[in-house]
Each structure stands twice: as C-alpha cells, then as structure tokens.
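Chain identifiers are assigned alphabetically (A, B, ...) following the order of the sequence lines, protein sequences preceding nucleic acid strands; residue numbering begins at 1 within each chain.
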There are 2 protein chains.
Amino acid sequence: MTRNTTTSARPPTLKTIAFMTGYSVTAVSRALKDAPDISEQTKERVRLVANQIGYRPSRAGLRLRTGKTQVISLILDVDEEIMGLTSQMVNGISQSLRETNYHLVVTPYSHREDGMVPVRYVVETGSADGVILSRTEPQDPRIKYLLSNNMPFITHGRTELGVDHPWVDYDNERFAFDSVKRLAGLGAKQIGLLAPASNLTYAGHLKTGFARAIAEFNLDMFPIDRLTIDDSLDQVEAVVAEIMSGSNRPDALISAAGSAAMAAAAGIERAGLKIGEDVHLVSKQSTNILHRYRREIIVFNENVYDAGQQLATGILYAINDRSSEHLTHLAYDGELPLD
Amino acid sequence: MTRNTTTSARPPTLKTIAFMTGYSVTAVSRALKDAPDISEQTKERVRLVANQIGYRPSRAGLRLRTGKTQVISLILDVDEEIMGLTSQMVNGISQSLRETNYHLVVTPYSHREDGMVPVRYVVETGSADGVILSRTEPQDPRIKYLLSNNMPFITHGRTELGVDHPWVDYDNERFAFDSVKRLAGLGAKQIGLLAPASNLTYAGHLKTGFARAIAEFNLDMFPIDRLTIDDSLDQVEAVVAEIMSGSNRPDALISAAGSAAMAAAAGIERAGLKIGEDVHLVSKQSTNILHRYRREIIVFNENVYDAGQQLATGILYAINDRSSEHLTHLAYDGELPLD
DNA sequence: CCTCCCAACTGTATCGTTACAGTAAAATCG
DNA sequence: CGATTTTACTGTAACGATACAGTTGGGAGG
C-alpha cells in the first residue's frame with residue numbers, strides 16, 4: 001500500500017535504472033539483455049536494481065523500436081460452436097501465455113464474410129507477432145497469405161498445401177473410424193455422418209475415417225448432404241427429424257459437434273424414436289455435457305483447452321525460434337466412459 | 001494486388017504524407033486531428049493523400065507519446081459458466097469495437113485466486129485504456145482500486161459501493177420474482193433457488209426477488225445452502241439428486257445458470273422424478289439449449305451478446321467522454337416461449 | 001509608416017527502447 | 001616500451017506520434 005507519492009508515480013524506465021546505478025541507458029539495456037559486452041558484476045547490479053524497483057520494459061517503446069508487439073492474435077469465428085469451444089480455447093491459450101509477456105488479442109470475424117479480412121488487417125497493421133487460425137481449409141488462402149507475408153502463425157486444423165507449418169489438430173479420422181467401429185459393435189447397419197462444412201479440412205478427415213470404417217465393417221453409409229454441424233440447431237433438429245421419419249432411415253448417427261448432437265437427439269426423439277435403441281448416436285464434445293443430456297449418447301472428448309495450450313506454445317515457438325522445424329500436435333482421447 | 005514493391009513496403013507514416021504534400025509532419029498531424037490552426041484547404045489535401053495511401057496511425061507511436069493504448073481489457077473468469085457465456089460476451093464486445101480502433105485483450109484469471117491480480121496488472125503496466133469486469137461483489141475491492149487509480153472501467157453486474165459507475169446488468173431480481181410467480185401459477189408450493197456464490201452482487205438480487213415473490217404468493221422457500229451454480233456440474237447433479245430423494249423435497253427449482261439447470265435436471269431424474277410433473281424447473285440461459293435439453297424446463301433468456309455490446313459502448317464512453325454521467329443498462333427479456 | 005496581431009504554418013523535444021558507432025582504459029604482444 | 005587488441009562501457013540517432021514554442025507573411029490599426 002505504501003507507494004512513492006513524491007514523484008507522479010510514473011513507472012520506472014531504463015533511465016531510472018541508469019540514474020540509480022550510474023550507468024548509461026544503453027549499458028542498462030544491454031545488461032538486462034545479458035549482452036556479452038557487459039561485465040557480470042554490472043549485470044548483477046542492474047538486475048538487482050531492476051527487480052527492486054519493479055522495472056518492466058515499456059511495450060510501446062519496445063514496439064516502436066523493434067516492431068515486436070508481444071501480441072498474439074486469435075482469429076475467431078464468431079459463429080463457432082456455441083458450447084464452450086471458444087472460451088476453452090481462450091482459456092488454454094491464456095494459460096500458456098501467462099508466464100510470458102504476450103497478450104492475447106481477439107480478432108473475430110464471421111465465416112460468412114471474407115476470412116481474409118482479419119488476417120490482412122493483422123498483417124497490414126502489424127498488430128501482432130503471430131496469429132492463431134482455426135477452421136482451416138485444404139487450400140487455405142489465409143495461410144498462403146501469411147506465409148508470403150512472413151507472418152508467424154499456427155493453425156487449429158491441418159491443410160493440404162504441401163508446405164510445412166505448425167498446427168494442432170484433433171484426430172478426426174480416427175474419431176470417425178472408431179465411432180463406426182463402436183456402432184458396428186452395437187449392431188448398426190446404416191450410419192449417417194453429421195459433418196462440418198465440406199470446405200474445411202477436417203470434414204475430409206472425418207469422411208475418410210468414416211468411409212474406411214464403413215468399408216472395413218461392411219456397413220452402409222447414409223448420405224446426409226444438405227446439413228452441416230454449422231447450420232443452426234433448429235435446422236439440424238428439423239432435418240434429422242425428417243430423415244428419421246423416412247422409411248429408409250439410418251440406424252445410427254455420428255455428430256462432429258456436441259451442440260449438433262443435442263439438436264440431432266431432439267430430432268430423433270421428435271420422430272418418435274429412442275436413442276440407444278432405435279437409433280444410436282455418437283458425438284464428439286468439448287464440454288462435458290452430452291452424457292447429462294441423454295445418457296445413451298456415445299461420447300468422445302475433444303480437449304480444446306489442451307489444444308489452446310498447444311497452440312500458444314506452438315505460436316511462441318514459431319515466433320521466437322524461427323527454425324524450419326514446426327511444432328505439430330495431433331490429439332486423440334478416445335471414447336469417454338460413462339461415469 | 002498491385003503493391004509498391006520498390007520500397008520495402010513499410011507502412012506510410014505522417015512523414016510519408018508530409019513528404020507527399022510538402023507540409024511538415026506537425027501540420028499533417030494536426031490536419032488529421034482537425035485542429036483549428038490548420039486551413040480547411042490543407043486539411044482537405046492531407047486527408048485526401050492519407051486516404052489514398054491508406055495511412056493508419058501507428059499504435060506504438062501514439063501509445064508511447066500519449067499513453068493511450070487503444071486497448072480494452074476484458075477481465076475474464078476462466079471458470080465462468082461453460083456454455084457460451086464467454087464467447088457471446090466476447091463477440092458482443094468485438095462487434096461494438098469493430099468500427100473503432102480499439103483492440104480487445106483478454107486477461108483471464110480464476111476466481112479461486114485473487115481477483116485483484118489481473119486488475120492491478122492492467123493498472124500498473126498501463127496495458128489498457130479501460131477495463132471490463134464481471135462477477136461483481138457488493139463491496140468490490142477491484143472497483144475501489146480502479147476508481148482510486150483513475151482507470152476507466154465498466155462492470156457486468158452492479159455494486160453497492162455508493163459510488164456511481166457505469167454498469168450493465170441483467171435484472172436478476174425480476175427474473176427470480178417472475179420465476180416464482182410462474183411456478184406459483186403451476187401450483188408449486190415449496191421452491192428452491194440454485195444461486196451463485198453469495199459474495200456476488202447478483203446473488204443478492206436473486207435472493208431479494210425470490211424472497212419477495214415467495215412472500216407475495218404465500219409459498220415456502222426450500223433453502224439450498226451448500227450448493228452454488230459455480231460448483232462443478234457433477235456436484236450440482238449429486239446434491240440435487242440427494243435433495244430430491246429426501247422426504248421433504250422442493251416441488252420446484254430455479255436455476256440462475258443454464259449449465260446448472262442441465263445438471264439439476266439430471267439430478268432430478270436420477271431421483272426418479274419427472275421434470276414438469278413432480279418437479280418444476282425454471283432456468284436462465286444465455287445459449288438457446290435448455291428447451292432442446294428438456295422441453296419441460298421453463299426458460300428465461302439472458303442476452304449476453306447484447307450485454308457485450310452495451311459494455312463496449314459504455315467503456316468507450318467512459319474512456320472518451322469523461323463526464324460524470326455514466327452509462328448504465330438493466331436488461332430483461334422475460335420468459336422464452338416454447339417454439 | 002511602424003507596430004501589433006493573427007492565421008497558418010515549421011522546428012524541436014520527448015515518450016522508452018535498441019542499433020550502431022564511438023571511446024577510454026586495461027590487457028596483451030612482439 | 002610502444003602498438004594493438006580487448007573489455008566495458010558511453011553517446012547519438014531512430015522508430016511514429018504529439019505538445020509546445022517558435023516563425024513567417026499579410027492585414028488591421030493608430
């Protein structure tokens with residue numbers, strides 16, 4: 001509570017330390033950077049004083065001089081899955097950024113608009129040192145743009161650009177495969193997949209795993225083309241209800257998102273069918289909610305908090321150790337047991 | 001696509017415009033600020049050139065010189081309601097910030113730690129021009145601190161500090177009152193309230209409205225003391241199940257959060273009771289999910305996206321028009337109809 | 001005709017930091 | 001012992017913006 005009230009309490013700068021130690025501003029700066037042309041004793045003294053008075057480098061000064069913003073920009077789709085995905089990702093990222101001097105700036109956009117806009121903004125204004133992207137496409141133009149403009153980035157989701165870049169992803173292919181396998185074990189014969197918008201890379205992963213398992217276990221694929229998990233929940237519920245009312249209906253559904261699974265479950269029940277008996281339902285979730293919703297849903301977890309941490313670690317690595325090596329991380333947890 | 005590739009493509013500064021127009025850097029700066037000592041013709045010319053070359057003031061330069069960061073800091077509780085509250089708030093804030101030059105920085109903390117830490121950080125490092133707080137307490141020390149340090153802020157939730165400050169809130173008292181009223185209409189006699197942690201201001205609002213309605217409609221209050229909606233969903237489910245298995249059990253519950261309502265519903269059913277028959281359940285939600293979860297739940301909407309927009313507008317007002325007037329906003333939407 | 005004022009600028013210093021070019025003194029070398 | 005290198009610093013300029021203190025040329029006023 002006791003504060004230096006004689007001065008106007010302006011935060012200490014290099015100048016302050018220089019004055020207190022008798023060294024020049026330059027010497028202090030280089031001492032704190034552990035430069036080789038500063039004696040060990042001097043460094044010691046400077047560090048001591050800096051700690052004592054609680055020196056923190058000015059972000060503005062640093063940024064003006066070096067161009068480093070110490071900011072990570074999270075490009076966020078505002079229409080992303082409603083159930084906690086965003087907040088968990090933000091929390092994960094923040095957790096990893098906590099011990100660093102990096103701040104997290106959220107730059108939202110709608111995937112219905114041009115996804116290039118926020119990316120261009122960050123590059124043109126130099127408002128961040130690195131970018132975190134999600135909802136990647138196989139030939140993602142944002143990534144080409146970032147690469148050609150030399151802006152460090154990491155993606156949540158992979159691409160098929162033939163260039164190496166850091167990414168974090170959930171093994172959706174395996175999820176789809178294991179889901180089908182599980183359903184085959186339950187005696188399902190004809191399975192439908194509620195996939196994301198087909199322009200997204202992970203839609204392909206899902207379909208690959210799905211198709212592979214369908215073939216391997218000798219099942220039928222029930223095509224659901226006019227629906228994605230990014231449609232409104234009302235839409236999902238309505239279309240699923242309609243599908244389930246048909247004479248040739250699937251006896252199992254796989255949903256790639258928890259919110260869509262809840263809507264699908266509602267649709268199934270609206271058609272007068274029972275989940276776990278008439279129709280099996282498998283879904284991924286990023287928030288532990290589905291088992292409470294309908295105990296009969298078969299649940300796989302996608303840990304988005306973890307993904308956030310990985311993304312933060314990866315982007316810091318991409319920013320600071322600009323080697324050609326890129327951190328990549330493919331996560332998979334398997335089915336969540338009941339209780 | 002055509003870009004100036006002769007120079008190293010550094011973004012234009014005041015210097016650039018000064019060179020192009022022939023004016024001094026100072027004149028250009030003042031022209032763009034619409035200063036009175038610059039002729040109208042000059043301003044016109046400068047603005048034209050500035051627009052043509054896509055000039056954007058450097059945040060670093062501005063910040064270093066003026067101390068203005070053009071940053072709003074959102075202090076976020078990482079343990080906040082899991083279901084979309086955070087992302088909707090972020091989206092709402094971003095939407096309002098979109099047309100401004102302000103960036104949104106997320107500064108998370110856990111309410112289990114000291115809530116002063118992130119607030120102190122922002123003030124001490126001057127890392128934002130304004131702060132958005134939630135989970136306010138009646139005598140919130142963070143607010144006292146921000147006031148005494150002259151840092152503009154706005155709160156999501158009110159206080160009882162006796163000082164005027166900008167805030168946005170949901171009318172929880174009315175929600176609680178209307179919920180009880182609704183339940184009275186359904187013939188409920190003994191009602192329990194699933195409230196947030198009692199240190200939060202809105203816990204008081206809820207209890208006030210609850211108590212007032214209980215008295216007015218001549219009902220009984222079923223005290224639920226050992227549970228808050230900030231407890232884990234497993235905890236909520238377990239305790240509700242236990243309560244509902246008792247001989248003297250409530251015949252209606254009011255939940256102040258959608259996630260807790262889902263857990264409570266699970267608990268009710270675990271006790272072998274039916275929602276809407278044996279036990280009525282009313283809940284607030286910020287994401288339209290509860291009706292799909294159990295159609296029998298009586299749902300009130302809290303529009304957090306709107307609240308985010310209001311918060312952003314309010315904090316900008318507090319930052320820029322530093323009059324004594326404060327924007328405040330009390331929202332209430334009433335019950336959400338089925339379908 | 002000289003003074004004073006005013007409009008419309010220009011010039012300089014500064015915010016905090018770092019790159020780069022000195023520089024003084026001590027250490028090393030033949 | 002003088003020349004050269006090394007060590008450990010200091011000084012200056014620059015990043016982009018703005019505050020404040022000039023400066024200039026023209027017009028009004030006495």
*Tell me, with the steps shown, if Val90(B) and Leu74(B) meet side chain to side chain contact (heavy atoms under 4.5 Å, CB included).*
CA-CA 8 Å; Val90(B) 168; Leu74(B) 173 64; 3.9 Å; yes
*So, are Arg47(A) and Glu40(A) salt-bridged, with charged N and O less than 4.0 Å apart?*
yes
*Could you state the CG-C1' distance from Asn101(A) to dT17(C), rounded to the nearest angstrom?*
14 Å
*Examine the side chains of Thr136(A) and Thr155(A) and answer whether a donor and an acceptor come within less than 3.5 Å of each other.*
no
*asked:* At a heavy-atom distance below 4.0 Å, what parts of residues 61-70 of chain A sit against DNA chain D?
replied: Leu64(A), Arg65(A)
_Nearest atoms (heavy-atom pairs only) where Tyr23(A) meets Ala27(A)_ = CB-CB, 4.0 Å
_Between Arg56(B) and Glu124(A), does any NZ, NE, NH1 or NH2 come within less than 4.0 Å of an OD or OE carboxylate oxygen?_
yes
*Determine whether the side chains of Asp129(B) and Thr69(B) contain a donor N or O and an acceptor N or O closer than 3.5 Å.*
yes
Provide a list of protein-nucleic acid N or O atom pairs under 3.5 angstrom, restricted to nucleotides 22-26 of chain C.
none

*Round to the nearest Å and state the distance from Lys15(B) atom NZ to dG11(C) atom P.*
13 Å
*Full working for side chain to side chain donor-acceptor pair (under 3.5 Å) between Ser87(B) and Ser87(A)*: CA-CA 6 Å; Ser87(B) 73; Ser87(A) 73; over 6 Å; no
*Do Arg135(A) and His156(A) pass the side chain to side chain contact (heavy atoms under 4.5 Å, CB included) test, and can you show the C-alpha distance, the side-chain angles, and the key distance before you say yes or no?*
CA-CA 7 Å; Arg135(A) 296 182 68 86; His156(A) 189 214; over 6 Å; no
*Selection: residues 39-47 of chain A, any non-hydrogen atom under 4.0 Å of DNA chain C*: none
*Do Leu133(B) and Leu146(B) come close enough that some side-chain heavy atom pair is under 4.5 Å?*
yes
*Length of the CD1-P vector between Ile38(B) and dC20(D), whole Å*: 16 Å
*If you check every side-chain atom of Lys33(A), which of dT18(D), dT18(C), dG16(D) has the closest atom?*
dT18(C)
_Under 6.0 Å between ring centres: does that hold for Tyr121(A) and His103(B)?_
yes
*Backbone of Val78(A) reached by a side-chain donor or acceptor of Asn91(B) within 3.5 Å*: yes
*Any pair counted as side chain to side chain donor-acceptor pair (under 3.5 Å), so long as it reaches residues 30-39 of chain A, sequence neighbours left out*: Arg30(A)-Asp37(A), Asp34(A)-Lys43(A), Ser39(A)-Thr42(A)
*asked:* How many whole angstroms separate atom OH of Tyr55(A) from atom P of dT18(C)?
replied: 6 Å
*Determine to 10° how strongly the helix from dC1(C)-dG30(D) to dG30(C)-dC1(D) is bent, judged from the axes of its five-pair ends.*
60°
*asked:* Before you tell me yes or no, could you show the steps for Ile75(B) and Tyr109(B) under side chain to side chain contact (heavy atoms under 4.5 Å, CB included), namely the whole-Å CA-CA distance, both residues' side-chain angles and the distance that decides it to 0.1 Å?
replied: CA-CA 7 Å; Ile75(B) 311 276; Tyr109(B) 77 105; 3.7 Å; yes
*Does CD belonging to Glu325(A) count more than 12 external heavy atoms closer than 6.0 Å?*
no
*Modelled atom types, side-chain donor and acceptor of Gln70(B) and Asn101(B), under 3.5 Å*: no
*Return the residues of residues 17-31 of chain A meeting this criterion: a heavy atom under 4.0 Å from some atom of DNA chain D. Order them by number, or give none.*
Gly22(A), Tyr23(A), Ser24(A), Thr26(A), Ala27(A)
